[in-house]
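Worth saying up front: this structure is predicted, and the values here are computed from it rather than measured. Letters A, B, ... mirror the listed sequences (proteins, then strands); counts begin at 1.
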Amino acid sequence: MIDIKLLRDQPDAVRVSQRARGEDEGIVDAILTADERRRSSIAEFEALRAEQKSFGKQVAAAKGEQKAALVSAAKATSDRVKELQAAATAADAELATLVRRVPNIVIEGIPSGGEDDYTVLETVGTARDFAAEGFEPKDHLELAEGLDALDMERGAKVGGSRFYFLKGVGALLELALLNMAIAQAVEAGFTPMITPTLVKADVMAGAGFLDAHADEVYRLEADDLYLTGTSEVALAGYHADEILDLSSGPKRYAGWSACYRREAGSYGKDTRGIIRVHQFQKVEMFSYCRPEDAAAEHQRLLDWERQMLAKIEVPYRIIDTAAGDLGGPAARKFDCEAWVPTQGRYRELTSTSNCTTYQARRLNIRERDPRAEGNATRHVATLNGTLGTTRWIVAILENHQQADGSVVVPAALRPFLGIDVLTPTA
RNA sequence: GGAGGCGUCGCCUAGCCCGGUUUAUGGCGCCCGCCUGCUAAGCGGGUUUGGGUUAAUCCCCAUCGCGAGUUCAAAUCUCGCCGCCUCCGCCA
């Protein structure tokens with residue numbers, strides 16, 4: 001959630017952000033009003049509560065008839081205190097509800113607007129000219145089936161649409177890719193983590209996944225648990241309610257987990273193959289750092305993503321996502337999109353978000369404020385970014401295919417896979 | 001799933017039976033100061049986290065696993081929940 005003090009001091013900063021996202025600006029005034037009401041309500045309660053407490057001490061010291069008289073006098077105060085407390089609690093809850101509805105303040109300078117208003121920051125590599133090479137490229141599903149690497153039909157039989165079996169070299173390829181991601185992360189100083197994929201409601205909400213995109217999330221009713229769509233959720237919850245020591249730099253984790261997404265509202269989109277599925281695997285970077293370091297850390301995460309993309313040798317571009325296309329917790333997001341030859345367009349392979357202090361505020365993750373004299377605390381910044389997912393297989397297969405349906409394994413991946421060329425079985 | 005025990009301000013710990021004089025005891029650790037040729041020891045002070053108020057200090061409120069209840073008053077009594085430990089049962 002955003003900082004109520006910031007909204008109080010600089011309401012226009014919040015209005016500008018809401019406008020860039022295409023969201024309601026009126027909520028700012030509603031919050032200011034609720035904030036006033038909360039503070040006066042609390043002041044009123046606390047004043048009477050202090051009176052009640054000092055009265056209690058007199059009661060304790062008194063004896064006999066005098067005590068009985070004091071007790072009956074105290075009853076009236078007691079009732080009034082309860083009323084005022086209830087009012088203060090209600091005012092506090094009302095403010096909290098409003099503040100939670102506000103998405104993170106976007107970072108100044110990012111593009112305004114929606115899904116199509118991104119800025120292309122850079123394009124890396126060039127797409128192969130299959131016409132010049134003299135053959136029509138096959139799509140990833142056809143290639144994978146030729147390699148006996150993927151079984152969509154039986155996936156649908158077992159789990160329904162958008163489920164699949166990775167099989168044989170397909171299963172090996174995914175493991176190789178994710179192992180390469182973990183190896184790079186460990187090399188860079190990340191702590192590798194295999195995370196819970198079921199989490200409690202407060203963690204899910206804290207990471208910001210129960211607001212606008214709640215219908216994207218699988219929920220287990222009987223246990224009130226949620227299946228996570230990324231290990232970001234568990235890694236954000238990992239340090240909940242803690243005071244971290246970031247004096248020697250960011251805390252960086254690389255989470256490996258299955259990811260579950262309902263893909264509600266995407267009927268008919270990407271129905272072929274494993275571009276858009278309900279379950280996949282991902283290695284995700286997650287970083288806790290000081291707020292003033294967050295922008296630089298965001299660049300570092302992007303650089304690590306680029307390193308991984310370089311290893312699979314596919315053409316890609318980097319976009320700076322527009323404000324309206326950001327998730328609630330994100331203040332800025334860079335996506336790396338790989339070229340998919342048979343679609344003639346770029347598809348997202350990685351996504352890195354700077355959530356500034358938004359998630360940390362909800363999850364109560366702090367550090368000792370290095371700028372302050374005493375024990376003051378402040379919220380840390382959290383960031384995340386993708387190092388590899390099942391979807392990467394699509395880009396690898398399509399971009400490295402040969403006329404006979406075989407696929408050349410990118411050199412960096414060979415030590416992890418142990419195979420140089422994937423050959424069709426038929 | 002069943003039985004029992006435990007949960008106190010970084011760590012350990014007193015307080016709980018028997019509600020009020022608790023501003024939650026003491027020790028360790030840590031921080032500041034004094035003392036000291038230096039270090040140690042010693043002495044004095046400080047040391048949960050939110051919130052309200054304030055220019056700031058002061059002050060005030062909440063916080064004894066979480067929540068509700070009883071009461072003029074709850075760390076203390078009652079109920080529910082969560083976590084940890086021990087034992088029993090069941091099971092991959």
Side-chain angles (χ1 to χ4, degrees), chain A residues 1-10 31-100 194 196-206 220-226 234 237-248 251 258 288 291 357-380:
Chain A
M1 85 189 109
I2 63 159
D3 183 0
I4 177 66
K5 289 190 190 110
L6 178 116
L7 185 142
R8 202 184 284 154
D9 298 341
Q10 303 170 47
I31 288 172
L32 289 172
T33 307
D35 182 44
E36 279 299 321
R37 194 157 45 228
R38 168 182 173 272
R39 286 191 288 162
S40 64
S41 183
I42 284 175
E44 206 181 349
F45 156 68
E46 287 186 352
L48 195 67
R49 174 67 178 149
E51 194 182 304
Q52 183 192 29
K53 281 178 69 170
S54 69
F55 205 78
K57 284 180 184 130
Q58 293 176 49
V59 176
K63 294 267 188 288
E65 266 182 46
Q66 197 191 358
K67 180 161 185 163
L70 284 170
V71 164
S72 66
K75 281 183 184 171
T77 309
S78 171
D79 289 343
R80 184 75 184 128
V81 164
K82 279 185 182 121
E83 280 172 32
L84 290 176
Q85 179 165 35
T89 305
D92 192 49
E94 192 189 339
L95 176 67
T97 303
L98 283 171
V99 172
R100 277 176 184 284
I194 294 172
T197 52
L198 280 168
V199 301
K200 298 189 211 173
D202 55 347
V203 174
M204 204 66 183
L220 300 189
E221 178 97 42
D223 300 283
D224 199 23
L225 291 171
Y226 295 83
Y238 186 71
H239 283 304
D241 298 316
E242 294 182 25
I243 296 174
L244 305 180
D245 178 6
L246 299 177
S247 58
S248 53
K251 279 186 168 314
Y288 296 89
T357 57
Y358 190 88
Q359 290 176 325
R361 222 170 271 285
R362 285 189 175 185
L363 290 165
N364 190 28
I365 305 167
R366 295 164 295 162
E367 67 164 337
R368 296 290 168 195
D369 192 338
R371 302 164 307 180
E373 293 261 327
N375 283 339
T377 63
R378 63 170 180 174
H379 292 95
V380 304

Quote, to the nearest angstrom, the [atom1] distance that separates [N] from [M].
N: B/C9; M: B/C66; atom1: P; value: 10 Å
N: B/U25; M: B/G46; atom1: P; value: 12 Å
N: B/U47; M: B/C60; atom1: P; value: 14 Å
N: B/U71; M: B/C88; atom1: P; value: 44 Å
N: B/U23; M: B/A40; atom1: C1'; value: 34 Å
N: B/C77; M: B/A3; atom1: C1'; value: 24 Å
N: B/G27; M: B/C79; atom1: C1'; value: 36 Å
N: B/A75; M: B/C16; atom1: P; value: 14 Å

Separation of atom [atom1] in [X] from atom [atom2] in [N], rounded to whole Å:
X: A/I42; N: B/G52; atom1: CD1; atom2: C1'; result: 7 Å
X: A/D241; N: B/U48; atom1: CG; atom2: P; result: 19 Å
X: A/L244; N: B/U49; atom1: CG; atom2: C1'; result: 15 Å
X: A/F45; N: B/U53; atom1: CZ; atom2: C1'; result: 15 Å
X: A/R39; N: B/G51; atom1: CZ; atom2: P; result: 12 Å
X: A/R366; N: B/G51; atom1: CZ; atom2: P; result: 9 Å
X: A/L84; N: B/C60; atom1: CG; atom2: P; result: 19 Å
X: A/E51; N: B/A62; atom1: CD; atom2: P; result: 14 Å

What N/O pairs connect the protein and nucleotides 71-78 of chain B at under 3.5 Å? Give each pair on its own line.
{"residue": "B/C72", "atom": "OP1", "partner": "A/K75", "partner atom": "NZ", "Å": "3.3"}
{"residue": "B/C72", "atom": "O3'", "partner": "A/S78", "partner atom": "OG", "Å": "3.1"}
{"residue": "B/A73", "atom": "OP1", "partner": "A/S78", "partner atom": "OG", "Å": "2.9"}

[N] phosphate, OP1 or OP2, under 4.0 Å from [X] side-chain N/O:
X: A/R368; N: B/U49; answer: yes
X: A/R38; N: B/G52; answer: yes
X: A/K53; N: B/C60; answer: no

Do the side-chain N and O atoms of A/R49 and A/Q52 include a donor-acceptor pair separated by under 3.5 angstrom?
yes
Is it the case that the side chains of A/T357 and A/R361 hold a donor-acceptor pair, with the cut-off being a distance below 3.5 Å and no angle test?
yes
Could you measure the distance from the [atom1] atom of [X] to the [atom2] atom of [Y]? Nearest 0.5 Å is fine.
X: A/R378; Y: A/D3; atom1: CZ; atom2: CG; result: 12.5 Å
X: A/R8; Y: A/R39; atom1: CZ; atom2: CZ; result: 4.0 Å
X: A/M1; Y: A/R362; atom1: CE; atom2: CZ; result: 7.0 Å

Whichever of A/A47 and A/R378 has its nearest RNA chain B nucleotide further upstream toward 5'
A/R378
Map A/E46 and A/Q85 onto RNA chain B by nearest heavy atom, then report which one ends up closer to the 5' terminus.
A/E46
Is any side-chain heavy atom of [X] less than 4.5 Å from a side-chain heavy atom of [Y]?
X: A/L225; Y: A/K200; value: yes
X: A/K251; Y: A/L246; value: yes
X: A/Y226; Y: A/L198; value: no
X: A/Y288; Y: A/L244; value: yes

Sorted by chain and residue number, the salt bridge (Lys or Arg N to Asp or Glu O under 4.0 Å) partners of A/R368 (sequence neighbours excluded) come out as none
Using every non-hydrogen atom in the two residues, find where A/R80 and A/L48 come nearest and quote the distance to one decimal.
CG-CD2, 3.3 Å
Using a heavy-atom cut-off of 4.0 Å across all strands, would you classify A/F55 as base, sugar-phosphate, or nothing?
nothing
Once pairs are restricted to Watson-Crick or G-U wobble with both distances under 3.5 Å, how does RNA chain B read as a dot-bracket string, [ ] for crossings and | for other-strand pairs?
((((((((.[[[..)....(.....]]]((((((.......)))))).((((......))))..[[[[[..)....]]]]])))))))....
